[in-house]
Structure formats: C-alpha cells, structure tokens
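Being a predicted model, the structure only gives us computed values, none of them experimental.
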Number of protein chains: 2
Amino acid sequence: MKQSQMYIPTLKQTPSDAEAVSHQLMLRAGYIRQVSAGAYAFLPLAWNVVRKIEDTMRTEMENIDAVEMRMPSILPADLWKESGRYETYGDNLFKLKDRHDREFVLGPTHEETFTSIVKEDLNSYKKLPIVLYQMQAKYRDEDRPRYGLLRGREFYMKDAYSFTANKEQLDVVFNQMESAYRNIFDAFDLNYRIIIGDAGPMGGTDSKEFSAIADIGEDTIAYSDESEYSANLEMAASKIKQLPAEEHQPMKIVDTPDVHTIEALSQFLDVDPAKIMKAVAVMADDQPVLVMIRGDYQVNDVKLKNLLKADFLVEATPEEVADVFKSVPGFISPMNMSDKIKVVYDSSLEGLDNFVLGTNQADKHYVNANFEDLQKDPVKFNDVRVVKEGEQSPDGKGTINFTRGIEIGHIFKLGTKFSKDLGANFLDENGKSQPIIMGSYGIGISRLLSAIIEQHNDENGIVWPANLAPFQIHVVPIKYKDDTQKKLSDEVVQLLKDQGYDVLLDDRNERPGVKFADSDLIGIPIRITVGKKAADSIVELKLRKTGETIEVNKDELVNSVKILLKNQ
Amino acid sequence: MKQSQMYIPTLKQTPSDAEAVSHQLMLRAGYIRQVSAGAYAFLPLAWNVVRKIEDTMRTEMENIDAVEMRMPSILPADLWKESGRYETYGDNLFKLKDRHDREFVLGPTHEETFTSIVKEDLNSYKKLPIVLYQMQAKYRDEDRPRYGLLRGREFYMKDAYSFTANKEQLDVVFNQMESAYRNIFDAFDLNYRIIIGDAGPMGGTDSKEFSAIADIGEDTIAYSDESEYSANLEMAASKIKQLPAEEHQPMKIVDTPDVHTIEALSQFLDVDPAKIMKAVAVMADDQPVLVMIRGDYQVNDVKLKNLLKADFLVEATPEEVADVFKSVPGFISPMNMSDKIKVVYDSSLEGLDNFVLGTNQADKHYVNANFEDLQKDPVKFNDVRVVKEGEQSPDGKGTINFTRGIEIGHIFKLGTKFSKDLGANFLDENGKSQPIIMGSYGIGISRLLSAIIEQHNDENGIVWPANLAPFQIHVVPIKYKDDTQKKLSDEVVQLLKDQGYDVLLDDRNERPGVKFADSDLIGIPIRITVGKKAADSIVELKLRKTGETIEVNKDELVNSVKILLKNQ
C-alpha cells in the first residue's frame, strides 16, 4: 500500500483535549477522529488493527466451536422490558422510536436478542450445547464518554452467548472461553490480571473479568504480590489482624456531647478507632438495614448489595434515622434495635473486645461493650468492608497491593435469568421442560486498542506488537523521486509482499525527518530505509522497539525480516 | 464444522408471511430470523456468505487502491441539516436524542460524515485523490420493509467515497469503480444490467445503477433487446414514430360539453388520442408549470423534476388551475397563457399537425391547431414522458422491453454538492481554494443475498455459486454412529480441510432423508455421502446444481472435488 493513498493524517501537535496517552497517540498518528462525543471514525490504520484483532478472535472462537453470526443493533424495547433491563440500564440506553411510534433501543449487549431468537429452535437437550458470537458496534449513552476509545458511546465488542443443558456443560464452555480469552490477550502481549468481577446488571452469580494494567484505568484492582489473587476493589477480600484479646470489662455509659464522627469520638475518648464499632444506617430497596463495622474501615456498597440481594442502596437520611431506626445520627447502635431492622456485622469486628458503641441516645456512648452485651446467640459476621493496601491476601499468600486496570474482557455464568424472563425452555432427557442455562462472554475490541497502546508506546509514538501492527514493515525511501531508490523500494515492497507481509511504502515527497517521525509515530515494527546505498542494493533495517539498525543486502532481506519479526 | 454446533434451524414449512422466494428460502434453510420488521438476525450460514461477499469486495477495492475504514452509525443531526438531507430524507431517517437532548440520526449513507472528517486534512491537491470505503450496518426507517433482506430497515452496505482534485481524476475513479463492481457481480454469477439511474437525493449529475434481474424486483427496467441500452423506467428514453405530416388546416373552436378526459375527448370528436395535445398543470416547488404532451403518453415525474431542477412536484389543484393558471380543469391550454407560467413541450409532440387543444374555457376545444397558432418562435421540445414497451431503443438498435430488477449497486459522480455544503476545500496547483470533487459508490450487501438466491434456486432449495456458498462441501454420513462411517467421514473432512476447503459435517442423529433434504435446502455445491461402501473407502459425490452423482475412492477424492468445484 502506498502511503499517499492510505489516508494517514498525522498531527504535529498533541491535541489539547486528549488526556490519555493512547488517545493522544491515536489522534496524532492518524488512527482515529471524533465524529461526536464518544463516537469515532476508525481511519484506515486503526481499522487494519481492528481487523487483525478480529481475525485472532475468530481463530480462537473456532477452536472452541463457537460460531459467528450477526444480530441487528436496533432492538425492540419490549425485549428489554421483558428482562427488566430497560429500567436497570436507564439513561445508559440509547432509545428511539420509528415512524410508527414503536419503541426501540440500540443494543449495548445482546442477551435478550439471542435468547429470543434461539428459543424457537433449541427446544431439546439433543440440540445443546450451542455457542454463538458476533463482532459488532455496540451503543451505550455514557454520561461522560472519555479517553478516546476507552469509554465510548459507539464501540466494538465481541460478544458470545452459550446455551447449555446443565451446569456441567456451562462449566466446560466457561472454562474453554476463559482459556481462549487468555490466548487472545497473550497474543496481544498484554499485561493483564484475571479478577473476580462484580456481576452487576447481568444478574449472574459467577464471573471473571480480564483487566489490563494501566494508569489510566478506571477500575482499582487489589492483587496479591505473591499469588494469583486479584479482585476489583469493590469485590476484594483480605485477612486482617485482630487486636489482641482482652478480658471483658463491665459496659458503662459515658457522656460524649456533640461527638458525631469516629475521628472526634476517638480523640474525645482517647481510644484507637479500631476499638470503636461504627454504625452505618442504609435503606436497601426501601428496607432499613444497620451495618456495623470497625471504626477504621469503610463499608463496601457492592459487597453489601450482593449480601442483601438489593438493587438500590442509599444512606438513611437523618429523618429516616429518627423515624425508622428510632435513633440519633452519630449515636446509632444495634443495642435494643427493633426486630424490623436487619443488622449486618462486618467480619472486621470478629474477636473485638471492650469496644465503644452508640446508645441510640444523643451525646451518649457505651464503653467496654462486648458482643454478649448485644445478643445471646453468637454473632454472624459477613465481609462488607473495603480492603486496604498492605493487608494480607485472602489466600494467605503475600500482601494486597492496588493498581489500576482497564476492563478488556468479562465472562459470566448467567444461569437461567434470561431464559426464565424470556421463556427459553428445552426438554431434558426425561422429557421435562427446563430453562436453558446460559453464559455470556465479552471482549471490548475498540477498548483493546486503547489498552494495548497504553502498554506499548514510547516518547516517539506507538510501538505495536508485530502481530497487531497495521503494517508489519514500513519501506521508507529517502527520496522516492530518485530513480535508483524508487526501483529498489518497489522491488523490496514486492519481495516482502510475495512473502505475505503487510507492507506500507512511504511514496510521499516529504523530508526524511518528517517521514521518520511519522514512521515512529504510527509504530510499525520494522522500518526499511532506502537511501544512498540503493545503488549497491543495500538498505537499512530499523527496529521500532529497540531502535537498533542493521544494513542488509536485498538478497538477505527476506531472511533478516523473518528472524527480526519473530523476535518482536 | 460439525452441523450439530453450527446452529442451522431449518423449517419444514414455508413461513406463510414470506412472499419472495429468497425470503422463504432464507427462513426455511435457517439463514435468517426476523428480530423486528426489517431487522434480521444473520444466523451462522448467512453470516458465512456475508463474509465471503465482503472478502471479494476487499480484493476488488484493494486492486483500485480504495482503503477500508469505519465510521460510526450514530451521526450528529447537525451534519445532515448542513447538507439539507435531514429534510429531504424526512421520515426515512431514524432519529434519536442522547441523554443530554442532543439530536442524532442513524446513518443510511455517509457522504456528510466522510466529507466532514477528511476536510481537515485533504487541504492540498498533493493529497488527492483519496478513495475510502467501509462495510457496515446502515439504517433506513422504511415505511413498508418487506421481502426479507431486500428492503430492510437495518441492512449491510459497502459504501465508498472518492475525493479528487478535478473531473479527470473523478472520471478515472468512477471508471475503476464501475469495472470493480462488474468484477464483483460477475464473480457472484449474477444476471444484471447497468442502467442510467436517477441520482435522486444525492443531487449528483451522473450515475449508473447495477440492477439484478428478478421478478420480485421493485424497479422496472427498460432495456433494448439488441443493444446494451438499459434504464430505469423513470429515466428511460426511446424513439417514437411521428404521425404522417399533414397540410395545416385553419384552427377553429368546437363545443365539447362536459368532456374532461383524453378518452372522452377522443370518443366525442372521433380522433386518435395521439392527435390530442394533453395539458398537465403542476406546481414545482410552488412555481406553476404547464406540461404539454401527446394524448397517448404519460408525464414522467422524475424527468420533469430533473428538467425543472425541482425538489417537489405536485399536480395543481382545481383551485390553483382557476386562480393561478386562470383556466378550467380538462380544458387547459398554452394558448394565451400568462408569461408567468412556464410551459414545457414533450418531444412526443414534435411534428404533430392539426391537433386538438384546450381553450382555457369550459366545454370548448380547438381543432386543427398547429404550433404556429401557439407561438411565432420555434417550439423547444424536452423528453418528459414515460416510455412504452415496443418503442425503438434510443440508440436506434432494437426495441424497448420491460423487466424487473433489484438495485444491487449504484455509483455517483457527486461533484461538489457535499464539499460546498460542508466547506471541504483544497488548494489547487495555483494556490487557489477549490471545493473537493467527490463521488460515492455503494453495494447493498444484505440485498445481494436476496438477489443471488432469487437467481440461484430450484424446487429443493438454494443453489449457491461455489465461491459464495457458506460451505463448499457437505459431508453427510448415512449413520455417523457407525464406526466405519464415522472414521471415513472424519478422514474425508480432514483431507478436504487440509486443502483449504470449507467443510460442513452432518454429525446429527437424523434419518438420511432429513439430512439430504436439509443439504439440498441450504444449497452447498458438493455433497459427499458416506454410506455402506465406507468399508471400501468409497463415497458418493453429488452436485447440488445438476443432481449428478459419482462414486469415488477416498484416494481420488481431492482431485475429483477440485475438478468439480471449478466447473460449478
């Protein structure tokens, strides 16, 4: 391909409105242009990379007998109402009406569509399992699209859906998909972690998330420095040190005038916050819940929602504290709390002795409280806290560190949620009707471009892994108008094309400095410079990654390129 | 690929709501399912075919240095307002608003988007020509989607756009694109005609349409039985026989009480309708126009609109005839008509003598009227009539026949319409700013499936051309559970896969009759039946197209398949 025909509008300046390095580089190197907020034109270079990503995915999907097809993007709103997601997605759904006033949404994901299509045919265990996938533009009306392709409103996804007759079949597909995803991300030379994800609006029970390590990532990942353990901060667990056991003292009430916060209480009573039992009053789907946690920890909303199986969670208002909890903000306590209020104890409290506790009366706290003062039965503890760096990994190996990550893939065991909502049933071996057991599996294709570039760049531009680069080889004549250089350049291009390489030829009438800078910027692994030694059939090979150069005769070129590309 | 994993939900019954053969067959053979009116799921077989179509297009586009990229589908409504097409497309545009109430459309075509993106960079003649294309879902809110993929609301298109510095460059690209399109349609074994299309809302001046011959086609094509001449009925021309010349008689007025139609007038006066000059009063963008045409012809609205360069054309109401034309419906005449009314004479009137003509008075007509009675200057004739079958082809070769066609491709010389509307200018060799000269070129990918199946089917199902079939070879064991048959089937599949063929293996536990019927229905070119002679390594090859069968030993199989597929 000749560069003059390829449409690669590189920029000399870094666009001022791009924060993320990958966003800056994709704009500067002529990969993308914004059409509207969160919707981008993929210019020829970027589209080449997308197609290579797709090809890798196809190979891996074929290996596990997943079959490609394609759903439409305009979907009847009724389907989404049947599953309840029309409401839970809320403003994130693009909604539209046709000329006959029928309601549609633009698909952000396709669980409902696949379920509704296959249910007519997958009516017997004999037809299962089936695994289908597609690669397609997806739509999400993000409140704040940003970082270029990282958080877009129109983006590309590979989404797969499995339909199985039992949990064993689902486990097989789930594990196959996980290993296919590992192969894909390994092929793209990505540094990533597999973490226990939050199933979120999918409503599933078991999921894994693939997260590429990057400073620009929007998720915080907690991982062990000595084991495979990784989790989103929202879901991360840890082992914490209990305080030394103490002999229980008699509980008594003390005055704590106008002391409303843990910090103030700790100072006023001169006790460690870890010795205070903090109370957090919340409304979970309109049910009052009191969460007790050690004073030096924060409540994790996601863990709490999952524990309570709640859709919505908000802190109780002062009015609710007074009217529903019959208490006083800052002094809330499980002591003598009505049976109608559910009380949750975080596991940070386990083994705590002689702690400070609210009294449900203004300006008064208990000191030297103990669990036997609260209830006769043993207390049941649950993990609802936000972990901290430096705590012990829950598998006992190493300590917890935080890093930031970009979600690049997600696999879910959906179970029967969608098949039940949409009535997708099959007859099992005993002739009994059962809901199909489903899984869903996604990779963000356009987001992958961002993640890969975040991890593969230097001060001069992008540094593509060889198998994803829009071209593998960049032939750059110093002066293409020079007959000798032109002749050798054209010969070199043909030689390499005949070997199956993707080759870009810089046929532009630009200064060598401009050509070299553009070549580094767009990040092609091997540059072949054709200059003064063209008369002797000698060219210079330069590796984008290391900057190393060697001179090679035309006759040795193919061999040299083969060896160099292998080591990229 | 194993058929049990491929998801091919064939149907025994023809769906009652499908009229077109291609629609029926795609439903029955498990290629597509409707998700909503005009929006289909492309199941694995159909998607395989789409991908082969796309690959053929890629090869042809690469040959003419067109470069693939990808635009978003959600487009800012403002872009469409700038070009004026927000209004002209009207209800055919899907419109939506995002959460911040900004207006968008779903792209049915992308002239505006490409122009607005490239204009920042293509600022010099040195950077031209550039030809870009994409293959993508497109959206059109059709009033009546029908015939399956033929007229959908979400459909796939290959659309290309050229940006050139002058008309010569445009002509080169236009001709290259035409020949690429011929190659593509020839490769798909299509019977098609290239016709002079109506540029329509593209606003272009020069276009060609590729139309596949099919009874179900929505367009009527007029073509010569002895030459290359083809045109949409809306644009078709012809040569018509003039009536014999007569000596001019003196014009006089006769009473024609209550005679309002050509038919009635012809009977009342006992004259050939061809001797009557018919008047049609229209409002063209609110301007009154009087169209005169021979009584035995109809006015062609498209030709008239193009002649008048009008956007909207409606017949004048009786009130307008009275108030604006100062005449009486049924008796309208150019005689003594106000200068403010434009009069158009159709070329069917050329050489007409002693004709009947209105008087602008009720119940009175002129007889023996002649052009010199109307005006002193020679009359200028224009072609604004609908041609009829049996007339002479306009190139003088053969006579005009009608057939029906499906529009599968369209190429347009857009000129500077969009570059002027959107301010896309470049500096020419003299440093002068000029609007970029554009072309646009489209192929309906999903519609191609319909067109090809309309032309390639028999009573048993689809009969794919070998290079487009979702699989080239269908291996059908009579009984896959039989060890010998299974072993040979698996060997045969592997042998053929190693040769690069796409092979489908029917591993289902179904009766042979069901398997054979499904195989014919989905239309794979070669079926290989593995049956009782498996023990002797002998299989049966059957050609889908002709029904011919031959028995072949495993060792000769690859050679036989190679020869047979070449001849498909």
**OP:** Can you tell which part of B:Leu128 gets under 4.5 Å to a heavy atom of chain A, answering side chain, backbone, both or neither?
**Re:** neither

Original post:
Given that the side chain runs from C-beta out, which part of B:Val118 has a heavy atom under 4.5 Å from chain A: side chain, backbone, both or neither?
Top reply: both

Original post:
So which part of B:Leu11 gets closer than 4.5 Å to some heavy atom of chain A, the side chain, the backbone, both or neither?
Top reply: neither

Subject >> Side chains of A:Val67 and A:Met61 in contact at under 4.5 Å (non-hydrogen atoms) >> reply: no

**OP:** Answer yes or no: is there an ion pair linking B:Lys497 with B:Asp502, defined by an N-O contact shorter than 4.0 Å?
**Re:** no

Original post:
Is it the backbone or the side chain of A:Arg102 that comes under 4.5 Å from a heavy atom of chain B, or both, or neither?
Top reply: side chain

Subject >> Results of salt bridge (charged side-chain N to carboxylate O under 4.0 Å, His left out) for A:Glu142 - residues two or more places apart only >> reply: A:Arg140, A:Arg151

Original post:
Taking side chain as C-beta onward, heavy atoms only, is B:Leu505 less than 4.5 Å from B:Met1?
Top reply: no

Subject >> Under 4.5 Å from a heavy atom of chain B, the part of A:Ile130 involved >> reply: side chain

Original post:
Can we say A:Glu54 and A:Lys158 salt-bridge, meaning some charged N sits less than 4.0 Å from an Asp/Glu carboxylate O?
Top reply: no

Original post:
For B:Asp490 and B:Gln494, does a side-chain donor sit closer than 3.5 Å to a side-chain acceptor?
Top reply: no

Subject >> Residues B:Asp55 and B:Arg58 bridged, charged N to O under 4.0 Å >> reply: yes

Original post:
Which one of B:Val131, B:Asp65, B:Val50 has the most heavy-atom pairs closer than 4.5 Å to chain A?
Top reply: B:Asp65

**OP:** Please state whether the side chain, the backbone, both or neither of B:Asp143 comes within less than 4.5 Å of a heavy atom of chain A.
**Re:** both

Subject >> Contact class of A:Tyr40 relative to chain B, heavy atoms under 4.5 angstrom >> reply: backbone

Original post:
Does the ring of B:Phe155 carry B:Lys138 above it, NZ/CZ under 6.0 angstrom from centre and within 45° of its axis?
Top reply: no

Original post:
Do you know which of B:Pro44, B:Ser36, B:Ala37 has the most heavy-atom pairs under 4.5 Å to chain A?
Top reply: B:Pro44

Original post:
Looking at B:Leu96, B:Ile74, B:Leu43, B:Ile117, which one has more heavy-atom pairs under 4.5 Å with chain A than the rest?
Top reply: B:Ile74

**OP:** With a 4.5 angstrom heavy-atom cut-off, could you sort out which part of A:Ala39 is near chain B: side chain, backbone, both or neither?
**Re:** both

Subject >> Contact class of A:Leu45 relative to chain B, heavy atoms under 4.5 angstrom >> reply: neither

**OP:** Check whether B:Phe104 gets within reach of chain A through its side chain, its backbone, both or neither, counting any heavy atom under 4.5 Å.
**Re:** side chain

Original post:
B:Lys126 versus chain A, heavy atoms under 4.5 Å apart: side chain, backbone, both or neither?
Top reply: neither

Subject >> Lys/Arg cation over aromatic A:Tyr89: A:Lys95, 6.0 Å, 45° cone >> reply: no

Original post:
If you count heavy-atom pairs under 4.5 Å between each of B:Met71, B:Arg51, B:Lys2 and chain A, which one has the most?
Top reply: B:Arg51

**OP:** Counting only heavy atoms closer than 4.5 Å, note whether A:Leu106 contacts chain B via side chain, backbone, both or neither.
**Re:** side chain

Subject >> Which portion of B:Asn92 sits near chain A, non-hydrogen atoms under 4.5 angstrom >> reply: both

Subject >> Any donor-acceptor pair under 3.5 Å from B:Arg33 side chain to B:Pro9 backbone >> reply: yes

Original post:
In terms of side-chain geometry, is the basic nitrogen of B:Lys515 or B:Asp518 positioned less than 4.0 Å from the acidic oxygen of its partner?
Top reply: no

Original post:
Most heavy-atom pairs under 4.5 angstrom with chain B, which of A:Gln5, A:Arg99, A:Glu154, A:Gln34?
Top reply: A:Arg99

Subject >> Which of B:Gln134, B:His100, B:Gln136 touches chain A most, by non-hydrogen pairs under 4.5 Å >> reply: B:His100

Original post:
Residues in salt bridge (charged side-chain N to carboxylate O under 4.0 Å, His left out) with A:Glu82, at least two apart?
Top reply: none

Original post:
B:Asp141 and B:Tyr139: side-chain donor and acceptor closer than 3.5 Å?
Top reply: no

**OP:** Name the region of B:Phe114, side chain, backbone, both or neither, that has any atom closer than 4.5 Å to a heavy atom of chain A.
**Re:** neither

Subject >> When B:Ser4, B:Pro76, B:Ser73 are compared by non-hydrogen pairs under 4.5 Å with chain A, the top option >> reply: B:Ser73

